[in-house]
Amino acid sequence: MAAVDNNGRKIVANNKKAYFDYFILEKYECGIALAGTEVKSIRMGHASIKESFVRIINGEAYILGMHITPYEKGNIFNKEPVRNRKLLLHRREINKLLGEVTQKGYTLVPLELYLRKGLVKLEIGLAKGKKNYDKRDDIAKKDQRRATEREFKVKNLY
């Protein structure tokens, strides 16, 4: 089931791996062009963005590889589970992202899929890939944080 965060968003799917593999420089919120049965399936929490990525093709942004399980009562109206879906962004945002991606070697990754005010939204991030030593630093920081939390918990028990 989806969780509700403090911004009033009902999070359906998130991409934790993106934060591990990339430095996220900027975040953008965009809508997605979906069919009715896809929206119903997303409301039930049947969507995944783990293997997906964002590309700008012919001046339009698309998410590729996003999986939405077919709605069980959708019969002939169901679409393919994995298909290219158009992202709804302003023209100036697309142009800015296209310039960043082509010139500086950045990439666009989906971060979260959520419902806000009844609409399906996707948060994408302008990202730069991490090197292996950056990932090792993140793992070390996470381990250190866990150790201090564990220590704090043990101290508070007595």
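Basis for what follows: all heavy atoms, side chains included, without hydrogens, waters or symmetry-related copies.
Distance check: E29 CD to I124 CD1 gives 10.5 Å after rounding to the nearest 0.5 Å. The line from NZ of K50 to NZ of K16 is 8.0 Å long, rounded to the nearest 0.5 Å. Atom CG of L126 sits about 13.5 Å away from atom CZ of F23, to the nearest 0.5 Å. From L88, atom CG reaches atom CD1 of I94 across 9.0 Å, with rounding to the nearest 0.5 Å. Note that NZ of K141 and CZ of R146 are 15.0 Å apart. Values are rounded to the nearest 0.5 Å. For the atom pair CG (L108) and CD1 (I56), the distance works out to 5.5 Å, reported to the nearest 0.5 Å.
Atom CD of Q103 sits in a sparse spot, with 12 or fewer heavy atoms from other residues, nucleotides or ligands closer than 6.0 Å. The environment of OH in Y22 is sparse: at most 12 heavy-atom neighbours from other residues, nucleotides or ligands sit within 6.0 Å. E51 CD: 12 or fewer foreign heavy atoms inside a 6.0 Å radius. Summarising the local packing, NZ of K40 is surrounded by 12 or fewer heavy atoms from other residues, nucleotides or ligands at distances under 6.0 Å.
Heavy-atom minimum distance, S52 versus G65: CB-C, 3.7 Å. The minimum heavy-atom distance between A33 and R85, with the atom names listed, is O-CB, 4.3 Å. Minimum heavy-atom separation, A47 to A13: O-CB, 3.7 Å. Across every non-hydrogen atom of I24 and K27, the tightest pair is CG2-CG, 4.0 Å.
A single hydrophobic cluster is not seen to contain both F53 and M66; linkage of ILVMFWY side chains at heavy-atom distances under 4.5 Å, directly or through other members, places them apart. Following chains of ILVMFWY side-chain contacts shorter than 4.5 Å, one cannot reach L111 starting from Y106, and the two form parts of different hydrophobic clusters. Under the 4.5 Å side-chain heavy-atom criterion for Ile, Leu, Val, Met, Phe, Trp and Tyr, L25 and L98 are members of the same hydrophobic cluster.
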- Item | Worked check of salt bridge (charged side-chain N to carboxylate O under 4.0 Å, His left out) between E100 and K96 | CA-CA 6 Å; E100 297 278 346; K96 181 182 177 191; 5.5 Å; no
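Residue I68 is tested with I49, I42, T37 for a side chain to side chain contact (heavy atoms under 4.5 Å, CB included); the sole match is I42. With E112 as the fixed residue, the side chain to side chain contact (heavy atoms under 4.5 Å, CB included) test singles out one of V12, N14, L122, N15: N14.
At least one side-chain heavy atom of L97 sits less than 4.5 Å from a side-chain heavy atom of L89. Looking at heavy atoms from C-beta onward, E38 lies out of side-chain contact with V120 at the 4.5 angstrom threshold. Taking the side chain as every heavy atom from C-beta outward, V109 and D21 never approach each other to under 4.5 Å. With contacts defined as side-chain heavy-atom distances shorter than 4.5 Å, the pair T107/V101 does not qualify. Taking the side chain as every heavy atom from C-beta outward, Y62 and K86 approach each other to under 4.5 Å.
Salt-bridge check for E123 with R9: passed, with a basic side-chain N closer than 4.0 Å to an acidic carboxylate O.
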